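Written out below as structure tokens is the structure these notes cover.
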Amino acid sequence: MPRSTHQKPMKNLTNEIPTGKQAILLVKDIAPSGTNRTITDEQLAEMTESVRTHGVIQPLVVRPVACVTDERLRKAAGRASHILVAGERRWRSARTVGLEKVQVVIRELSDRESLELQAIENLQRKDLTDIEEARQYRRLLDCGMKAEELASRVSKSRAHVYNCLKLLELPKEAQDAMNSGKLDRAVALLIARITHPDARKEATRQILAGRSVYNHQTQKQENVPLTFREAKQFIIQNFMLQLASAPFDLQQADLVEGVPSCVNCPKRAGNIKDLFPDLSVKNRNDVCTDPKCFAAKKEAVWQRVKVEAEAGGATVLDEKASKKALPYDNGHVEASSGYIALTQCCVHDPKRRTWEQVLGRKAPALVFARTGDGKVHRLVDAKAALEVVRDMGLKTEERPIGNTMQDADRAAREASLIRRTVQERAVTVVLDKLTKHKNCTEKALQLALSWLAQDAGFETKKAILRGRGLDPKEAHTAFGAFMAGVKPADHAALALELALWSAYYNCFHGASKLLTETSDVLRVDLPALEKTVKDERKQFWKEKQAKAKERAKNGAA
């Protein structure tokens with residue numbers, strides 16, 4: 001993909017390169033350089049047409065084969081007397097159209113001077129792609145030029161030069177996508193900053209696969225690459241790990257053989273600041289760009305913990321048991337697992353100390369488990385810990401030890417379920433009473449009609465059709481046909497039915513009030529319904545607990 005801005009002239013780079021003399025050479029006596037930039041068929045076709053019409057207007061730059069010291073280049077030159085330095089498109093076009101001779105400028109250039117001159121010429125082209133720009137920078141550095149000197153001479157920042165050079169580390173798929181315009185330079189740089197080659201390939205694959213969008217022109221779902229913001233978030237979450245949350249000592253250098261400590265690691269963002277100008281100083285110093293190395297260190301720490309724990313007589317939970325006890329990465333221990341974390345607050349202690357502080361040396365045998373983020377947690381058996389606490393004279397509540405916030409959430413969900421069930425049954429009872437008595441008071445009708453201002457929703461229509469044994473699958477069309485056949489005498493009852501079901505399904509503000517007032521008018525006992533639902537839910541939980549105890553008993557056996 002061509003650069004959006006044109007490179008400034010760099011004449012000062014050529015001050016030490018010898019000038020040459022003009023001459024006429026046979027096209028067959030000139031060999032390609034083998035070190036110039038890649039030329040596409042489209043670029044060659046355009047130049048060929050120009051040469052066919054106007055000839056070779058600008059002289060080629062060549063050097064004698066005698067100046068070549070690289071044996072590989074001399075051998076590739078064959079019987080040619082000169083090797084191209086600049087103008088390969090013109091030379092290839094001249095051969096294509098059948099020209100025998102071309103005008104040239106012969107310069108006595110060494111291999112290094114030739115590479116430098118090619119890089120200079122290529123960097124000033126308008127159609128230079130980002131990858132080609134990076135290759136020219138690499139050639140200049142290979143010629144012995146320092147990065148700081150190069151950045152100064154091309155009027156670019158050192159960070160720009162380093163970022164361009166990182167593009168050369170992209171997998172072929174990413175470079176091809178850049179050249180074809182499918183991958184933006186900014187996104188490509190995000191991928192290039194990933195240290196591990198396999199990780200770069202995986203990031204490239206997923207970013208190019210992108211997300212599915214609907215194309216209104218083709219009327220089909222199509223995959224488009226991730227945007228810069230999406231790609232950045234994806235890479236940060238999957239390939240740039242916060243060292244602040246690492247479950248190991250960042251200064252420890254012997255976790256993995258041959259790998260330095262994270263503080264001194266060259267793959268740490270804080271140690272390659274030129275590649276991470278967009279990160280804050282705080283984040284930059286705490287980001288790891290090699291997820292495989294990070295994972296290896298996590299595993300090394302876990303293996304050491306297992307060896308030491310088993311040697312000390314402690315229990316180590318396997319991955320499945322650890323997942324059951326610690327399902328989340330926040331360290332919360334499931335009450336049903338039968339364990340408590342020593343770092344957890346002891347709710348039975350008036351001073352609200354941790355279990356570790358309360359139990360002290362009387363703590364039961366330790367149990368080690370690991371969460372998905374690699375952190376190691378020390379647990380103890382909940383029943384054994386409670387016995388120790390009781391022996392200390394502390395009063396314990398007869399309830400599972402768990403997260404009070406989780407208990408509150410569960411209670412809120414249960415209350416919501418009961419409330420919704422009561423409302424649903426109340427609607428059914430009201431309508432049943434209305435059908436039996438064949439009468440709808442003016443007050444009830446007024447309440448219902450006030451709700452008809454809201455359009456009946458899809459679920460409301462389905463409920464009304466189901467109540468009459470009709471197919472609710474095509475509710476939008478079937479409901480219209482049903483309405484056309486309703487008798488005038490049933491309009492009042494249908495109005496109330498529409499209002500009640502709409503209030504139930506749409507959960508508009510005031511829905512409970514409508515049901516309550518309608519129930520009062522028709523003398524429906526809502527408290528009795530609520531009591532019935534609560535009794536049913538109590539029975540449900542009682543049976544569920546009995547089954548859980550039976551499974552635990554069978555498992556222990």
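Since we're looking at a predicted model, the values are computed, not measured. Residue indices begin at 1 and follow the sequence shown.
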Quick one, E230 with V187, criterion side chain to side chain contact (heavy atoms under 4.5 Å, CB included). Give me CA distance, side-chain angles, the key distance, then yes/no. CA-CA 10 Å; E230 293 169 338; V187 178; over 6 Å; no

In sequence, state the C-alpha distance, the side-chain angles, and the governing distance for I207 and I235, and then conclude on side chain to side chain contact (heavy atoms under 4.5 Å, CB included). CA-CA 9 Å; I207 288 174; I235 289 175; 3.9 Å; yes

Apply side chain to side chain contact (heavy atoms under 4.5 Å, CB included) to residues F368 and V305 and explain how you reach the verdict. CA-CA 8 Å; F368 288 87; V305 169; 3.9 Å; yes

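In this structure, V259 and C293 have side chains that are in contact, with non-hydrogen atoms separated by less than 4.5 Å. L190 places none of its side-chain heavy atoms less than 4.5 Å from the side chain of F234. Looking only at side-chain heavy atoms (C-beta outward), R185 and C164 come within less than 4.5 Å of each other. Looking at heavy atoms from C-beta onward, T354 lies out of side-chain contact with T343 at the 4.5 angstrom threshold. Within the 4.5 Å cutoff, no side-chain heavy atoms of V388 are placed close to those of V358. In this structure the side chain of R229 never reaches within 4.5 angstrom of the side chain of Q233, judged on heavy atoms. Here the side chains of K351 and Q357 are not in contact, with every heavy-atom distance at 4.5 Å or above. Between R425 and T532, the closest side-chain pair of non-hydrogen atoms falls below 4.5 Å.
Between E414 and the options R537, K534, R419, R420, a salt bridge (Lys or Arg N to Asp or Glu O under 4.0 Å) holds for only R537.
To the nearest 0.5 Å, the span separating NE2 on H377 from CZ on R370 amounts to 11.0 Å. To the nearest 0.5 angstrom, C288 atom SG is 9.5 Å from L250 atom CG. Note that CG of L226 and CG of L183 are 10.0 Å apart. Values are rounded to the nearest 0.5 Å. Expressed to the nearest 0.5 Å, how far CD1 of I340 lies from CG of L379 amounts to 9.0 Å. In this structure, T371 OG1 and H332 NE2 are separated by 13.0 Å, a value rounded to the nearest 0.5 Å. Taking CG of D525 as the start and NZ of K531 as the end, the distance is 11.0 Å to the nearest 0.5 Å.
The nearest pair of heavy atoms linking L326 to G331 is CD2-O, 3.7 Å. Considering all non-hydrogen atoms of both residues, A384 and D381 come closest at N-OD2, 3.0 Å. Between L170 and A192, the closest heavy-atom pair is CD2-N, 3.6 Å. Closest approach of E334 to S337, counting heavy atoms only: O-OG, 2.6 Å. Residues K298 and P247 come closest through the heavy atom pair CG-CG, 3.5 Å. For the pair A209 and N223, the tightest heavy-atom approach, listed with the atom from each and the gap, is O-CB, 3.3 Å.
The list of salt bridge (Lys or Arg N to Asp or Glu O under 4.0 Å) pairs with a residue in residues 198-208, not counting sequence neighbours, reads E169-R200, D198-K292, E202-R205. For residues 300-326, the set of pairs meeting the side chain to side chain donor-acceptor pair (under 3.5 Å) definition, not counting sequence neighbours, comprises E299-Q303.
With sequence neighbours left out, F248 forms a ring-ring contact (aromatic ring centres under 6.0 Å, His included) with F294.
Other residues, nucleotides and ligands contribute at most 12 non-hydrogen atoms within 6.0 Å of the CD atom of E257.
A donor-acceptor contact shorter than 3.5 Å is absent between the side chain of Q344 and the backbone of W355.
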